[in-house]
Amino acid sequence: IMSLSINPSSTTSAQIKNGYIIAADNGCHVISNSWSRGTPSSLVDEGISYALSHGRNGKGCVIVFSAVNDNRDRANYPANSNDSIIVVGAISPCGERKDFTSCDGEWWGSNYGNSIDVVAPGVKIRTTDNVGTAGKNSTNYMNNFNGTSSACPHVASVAALVLSVNPFLTQKEVADYLGVDQSYVSK
């Protein structure tokens with residue numbers, strides 16, 4: 001596991017690009033992204049493209065992005081910037097698209113539509129928390145991690161499991177195993 005953290009509001013596009021290059025050049029197989037940015041950047045696009053094509057000795061890093069929680073018919077940037085990115089929406093505990101009327105009664109909705117490749121559980125997910133006062137809870141665990149940011153790691157984990165069985169698969173072959181058709185439409 002390699003942690004490369006960003007703050008989308010203060011990390012520069014050049015730093016983000018460099019993060020993708022560092023990940024790809026240092027053996028990262030799957031890159032899980034739960035962030036978005038309003039303004040497209042050619043530098044960010046270049047970093048993502050580099051990881052998709054050069055990572056894993058030319059097999060390509062599998063890049064997974066959360067679709068965001070705007071309840072809109074599209075994925076946000078940069079999830080929508082490259083057809084090879086796997087974009088993840090969220091489903092409710094009842095297996096329906098997470099929106100304002102979902103069975104869980106929460107106030108938010110997952111983005112949806114043709115730019116979303118796959119969905120995963122995104123409501124009331126139990127996860128670890130930062131230790132001590134840096135965390136959101138008084139314990140080291142959270143019972144209510146929500147949103148496409150909690151759905152995205154599910155898909156990234158499955159991609160990593162696929163690669164643990166066959167590390168020789170290309171990025172596209174992993175997407176195929178996940179049922180993602182990356183050949184049909186531009187996002």
Side-chain angles (χ1 to χ4, degrees), residues 2-24 28-56 60-92 97-99 108-123 125 145-160 162-163 170-172 174-187:
M2 183 185 311
S3 177
L4 298 170
S5 298
I6 67 165
N7 178 340
S9 63
S10 62
T11 305
T12 68
S13 295
Q15 290 170 319
I16 294 170
K17 174 185 176 178
N18 193 44
Y20 283 105
I21 292 169
I22 289 169
C28 188
H29 290 193
V30 179
I31 302 174
S32 181
N33 298 270
S34 292
W35 61 277
S36 69
R37 199 171 212 179
T39 305
S41 163
S42 61
L43 291 173
V44 172
D45 295 343
E46 289 167 15
I48 290 170
S49 293
Y50 181 89
L52 285 165
S53 60
H54 291 87
R56 299 176 49 245
C61 296
V62 177
I63 298 182
V64 184
F65 258 93
S66 59
V68 184
N69 311 316
D70 296 332
N71 201 45
R72 294 184 187 168
D73 184 9
R74 64 173 173 77
N76 287 9
Y77 178 82
N80 63 3
S81 68
N82 189 307
D83 289 340
S84 294
I85 293 171
I86 298 171
V87 183
V88 183
I91 57 172
S92 77
R97 181 178 76 80
K98 175 61 190 110
D99 69 10
W108 61 277
S110 169
N111 286 15
Y112 58 93
N114 290 336
S115 63
I116 312 304
D117 294 309
V118 64
V119 294
V123 179
I125 305 301
F145 181 34
N146 290 333
T148 58
S149 290
S150 67
C152 183
H154 284 91
V155 176
S157 298
V158 172
V162 168
L163 286 171
T170 65
Q171 176 278 332
K172 169 121 178 46
V174 173
D176 290 344
Y177 273 102
L178 296 176
V180 175
D181 180 3
Q182 296 181 330
S183 64
Y184 61 102
V185 218
S186 176
K187 291 182 183 173

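Hydrogens, waters and symmetry mates are skipped; everything else that's a heavy atom, side chains included, is used. Bear in mind that the values here come from a model prediction, so they are computed numbers and not experimental data.
When atom types are taken as modelled, the side chain of N33 and the backbone of V64 share a donor-acceptor pair closer than 3.5 angstrom. Formation of a donor-acceptor pair under 3.5 Å by the N71 side chain with backbone atoms of N111 is not found in this model. Listed for the N82 side chain is no donor-acceptor partner under 3.5 Å among the backbone atoms of S49. At least one donor-acceptor pair under 3.5 Å links the side chain of K98 to the backbone N or O of W108. Side chain of S41 to backbone of V44: a donor-acceptor contact under 3.5 angstrom is found. In this structure, S110 contributes its side chain and A90 its backbone to a donor-acceptor pair below 3.5 Å. Looking only at distances, no side-chain donor or acceptor of T148 sits under 3.5 Å from a matching main-chain atom of S66.
Here the closest non-hydrogen pair linking I63 and A51 is CD1-CB, 3.9 Å. Shortest non-hydrogen contact noted between S150 and N146 is OG-C, 3.4 Å. Here the closest heavy-atom approach between residue A159 and residue V62 is recorded as CB-CG1, 4.0 Å. Nearest heavy atoms, G113 versus D73: CA-OD1, 3.1 Å.
Between C61 and Q171, the closest side-chain pair of non-hydrogen atoms is not below 4.5 Å. Side-chain contact between F65 and P78: present, with at least one pair of heavy atoms (C-beta onward) separated by less than 4.5 Å. With contacts defined as side-chain heavy-atom distances shorter than 4.5 Å, the pair S81/D45 qualifies. When side chains are defined from C-beta on, S13 does not count as touching I16, because their heavy atoms never get closer than 4.5 Å. Side-chain contact between I86 and V118 is present, with at least one heavy-atom pair separated by less than 4.5 Å.
Environment of OH in Y177: sparse, with no more than 12 heavy atoms of neighbouring residues, nucleotides or ligands closer than 6.0 Å.
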task: Please lay out, stage by stage, how I116 and V88 fare under the test side chain to side chain contact (heavy atoms under 4.5 Å, CB included).
output: CA-CA 6 Å; I116 312 304; V88 183; over 6 Å; no

message: Checking S115 against V87 for the side chain to side chain contact (heavy atoms under 4.5 Å, CB included) test, could you report, in this order, the C-alpha distance in whole Å, the side-chain angles of both residues, the deciding distance, and whether it holds?
response: CA-CA 7 Å; S115 63; V87 183; 5.6 Å; no

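Between I91 atom CD1 and R97 atom CZ the span is 12.5 Å, to the nearest 0.5 Å. In this structure, CZ in R56 is found 5.5 Å from NE2 in H29, a value given to the nearest 0.5 Å. For the atom pair OG (S84) and NZ (K172), the distance works out to 8.5 Å, reported to the nearest 0.5 Å. Taking CG of N114 as the start and CG of N80 as the end, the distance is 13.0 Å to the nearest 0.5 Å. In this structure, the separation between CG on L163 and OG1 on T170 is 9.5 Å, given to the nearest 0.5 Å. The line from CG of N18 to CG of L4 is 9.0 Å long, rounded to the nearest 0.5 Å.
The salt bridge (Lys or Arg N to Asp or Glu O under 4.0 Å) search around R74 returns none, not counting sequence neighbours.
For the pair R37 and Y77, the cation does not sit on the ring face, since its NZ or CZ is not both under 6.0 Å from the ring centre and inside 45° of the axis.
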